[in-house]
Amino acid sequence: MRILHTSDWHLGQSFYGKSRQPEHSAFFDWLLAQIKHFQIDALIVAGDIFDTSTPPSYARTLYNQFVVQIQGTGCQLFVLGGNHDSVAMLGESRQLLACLGTQVIPGALAEIEQQVFVINDRQGHPAGVLGAVPFLRPRDLITSDSGEDGSQKQLKLGEAIKAHYEAIFEAAKQATDQPLPVLLTGHLTTVGASSSESVRDIYIGTLDAFNANAFPKADYIALGHIHRPQKVAKSEHIRYSGSPICLSFDELGSRKLVLMAEFAEGGLSSVTELAVPVFQPMLVIKGDLEAIADQLEAITLPDEGSVWLSVEVQTQEYLSDLQARVQKMVEGKPLEVLQLKRVRQRQTALAADEQETLSELSVDEVFERRLSLEHFDTQTEQARLERMKQMYRQVVETVIHEDAGESKELNA
């Protein structure tokens, strides 16, 4: 049995005003080619099918077209809801897509058995069992009790997630009379996983990370939510596939993969990384204006389309025409500056004297020293500075007032 594991498609993402539709279309064509070439038995998409709960119509069209196209390959499709997905929207076509060989699990279902599926090989014989776990929302698992603090809720939620996985795992083992490999899925952050800019800080309620040791001893665990492909806790069988395209500029340093897991003799035999081609060239350029000009000249220009750029200018000067200068550098070339940053070197200490400590400074002095590290050059930034000062004064006055009230109570 061969399984393809992917996740975090984020269909419908708008990237600095740019549509990702061409990239996703190209990715689907490539993915279908891999399914046919490797004779894949099942494709697992571990959450975040869409970028938002209300995706644009073209994104839903891409999704529906892919469901129809994969049916002709003989490959089963399992779609898991992620934290970006709408449970209601994914669930509305669940029964219809089941008729096309696609199983959709938008959220935790009422009956555990509804999240357990037998995976057949291409000859129609049972080859594995899937315990399909989507993104789990706290309301799916626990109820809040009055008087609970944050740590108690976190512990309670962690135990509930562990119990949910154990129940799914036991149901999967009981699904057939044969000793078949058991696969699980998940859309969450686990201990030891590294994230990126585009991964929003939505884990599972207040649970920062789920301990990988709490997973049942399944043969393979297909995870989503983290956009960088990686093994979890150095385990071959617990994997993040990562997103198939770069969803932020800081993901350029990581590979984009789809994972092919092969099973033989009742267990996992190998995991192969299939590199996803780059469908949209993207680059990050850093340095002063002279260095940036040199780097722009050295870029290999594409025959078609354009290169998307993030430009980080390092300068101590305030340049009111910075955007115009950079734009002139790329004028007439297939280069598009989507992100432009200005970075200035900052002092690393609040105190001018290395021997000076916070205890020697007043509250006002600490605040002023911190503001001195920032630059408020434009009118907008100056207005922001005034708002910050006003808010600071309000906070200080409130604290002084509360302290005075407490002192009167103590004296009384």
Side-chain angles (χ1 to χ4, degrees), residues 8-10 12-27 30 51 193-200 226-230 240-258 273-349 373-381 384:
D8 297 276
W9 290 352
H10 288 267
Q13 188 203 36
S14 178
F15 188 72
Y16 296 94
K18 293 291 185 179
S19 170
R20 316 306 295 274
Q21 182 177 4
E23 295 166 82
H24 280 125
S25 295
F27 167 66
W30 175 85
D51 191 57
S194 60
S195 60
S196 63
E197 273 184 5
S198 59
V199 178
R200 298 174 195 170
I226 301 299
H227 295 172
R228 289 188 170 95
Q230 56 198 278
Y240 283 101
S241 63
S243 57
I245 66 174
C246 289
L247 298 170
S248 67
F249 279 111
D250 82 320
E251 290 181 22
L252 289 177
S254 66
R255 301 165 298 157
K256 293 303 177 184
L257 308 172
V258 167
E273 298 178 346
L274 305 181
V276 179
V278 176
F279 304 111
Q280 171 59 58
M282 297 167 61
L283 287 173
V284 176
I285 295 177
K286 300 180 180 181
D288 58 26
L289 287 172
E290 184 178 351
I292 286 171
D294 292 339
Q295 292 176 63
L296 289 174
E297 286 296 326
I299 294 175
T300 301
L301 302 178
D303 296 329
E304 296 181 359
S306 61
V307 181
W308 292 351
L309 300 176
S310 170
V311 178
E312 186 174 297
V313 182
Q314 298 169 354
T315 177
Q316 294 295 335
E317 303 176 55
Y318 170 65
L319 302 173
S320 60
D321 62 342
L322 179 60
Q323 186 170 357
R325 289 195 189 192
V326 174
Q327 197 59 44
K328 189 175 182 179
M329 294 179 187
V330 301
E331 189 174 349
K333 301 176 182 178
L335 303 173
E336 295 185 74
V337 180
L338 303 190
Q339 184 183 56
L340 178 60
K341 299 180 181 178
R342 182 182 62 186
V343 179
R344 294 180 174 180
Q345 295 179 356
R346 297 178 177 178
Q347 297 175 351
T348 57
L373 301 182
E374 304 292 335
H375 297 275
F376 303 94
D377 301 311
T378 66
Q379 290 183 347
T380 301
E381 290 170 339
R384 176 169 166 262

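Worth knowing before you read on, the calculation uses all heavy atoms, side chains too, and leaves out hydrogens, waters and symmetry mates.
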ask   = After noting the C-alpha distance and the side-chain angles of Val276 and Ile245, does the key distance pass the side-chain contact (heavy atoms from CB on, under 4.5 Å) rule?
value = CA-CA 8 Å; Val276 179; Ile245 66 174; 5.6 Å; no
ask   = Does Pro229 reach the side chain of Glu273, with side-chain heavy atoms less than 4.5 Å apart?
value = no
ask   = Is the His24 to His10 ring centre distance short of 6.0 Å?
value = no
task = Given side-chain contact (heavy atoms from CB on, under 4.5 Å), test Phe249 with Leu338 step by step and report yes or no.
result = CA-CA 10 Å; Phe249 279 111; Leu338 303 190; 4.3 Å; yes
query = What is the minimum heavy-atom distance between Met282 and Cys246, and which atoms define it?
reply = SD-CB, 4.1 Å
key: Minimum-distance pair of heavy atoms, taken over all atoms of Ser19 and Pro22   = O-CD, 3.9 Å
key: Residues forming a side chain to side chain contact (heavy atoms under 4.5 Å, CB included) with Glu312, sequence neighbours excluded   = Lys286, Gln314, Lys341, Val343
inquiry  = Tell me whether Arg228 is salt-bridged to Asp250, with the criterion being a basic N under 4.0 Å from an acidic carboxylate O.
reply    = yes
query = What's the spacing between Ile285 CD1 and Asp294 CG if we round to 0.5 Å?
reply = 10.5 Å
query = Considering all heavy atoms of both residues, which atom of Leu340 and which atom of Gln323 are nearest to each other, and what is their separation?
reply = CD2-CA, 3.6 Å
task = May I ask you to decide if Ala291's main-chain N or O and Asp288's side chain share a donor-acceptor pair within less than 3.5 Å?
result = yes
remark   = Minimal heavy-atom distance between Met329 and Leu296, with the atoms involved, is CB-CD1, 3.5 Å
ask   = Do Glu23 and Arg20 sit within salt-bridge range, that is, some charged N less than 4.0 Å from a carboxylate O?
value = yes
key: Stepwise side-chain contact (heavy atoms from CB on, under 4.5 Å) test for Asp8 and Tyr240   = CA-CA 10 Å; Asp8 297 276; Tyr240 283 101; over 6 Å; no
request  = For the pair Tyr16 and Val337, evaluate side-chain contact (heavy atoms from CB on, under 4.5 Å) and give the outcome as yes or no after the intermediate values.
outcome  = CA-CA 10 Å; Tyr16 296 94; Val337 180; over 6 Å; no
task = Could you check whether the rings of Trp9 and Phe27 sit parallel, tilted or perpendicular, using 30° and 60° as the cut-offs?
result = perpendicular
inquiry  = Closer than 3.5 angstrom, by distance alone: can the side chain of Lys256 be matched with the main-chain N or O of His227 as a donor-acceptor pair?
reply    = yes
inquiry  = Can you tell me how far apart CG (Leu335) and CD (Gln327) are? Round to the nearest 0.5 Å.
reply    = 10.0 Å
Donor-acceptor pairs under 3.5 Å, side chain of residues 297-311 to any protein atom, not counting sequence neighbours: which ones?
unit_1, atom_1, unit_2, atom_2, d
Glu297, OE2, Lys333, NZ, 2.7
Ser306, OG, Glu336, OE2, 2.5
Ser310, OG, Gln339, OE1, 2.6

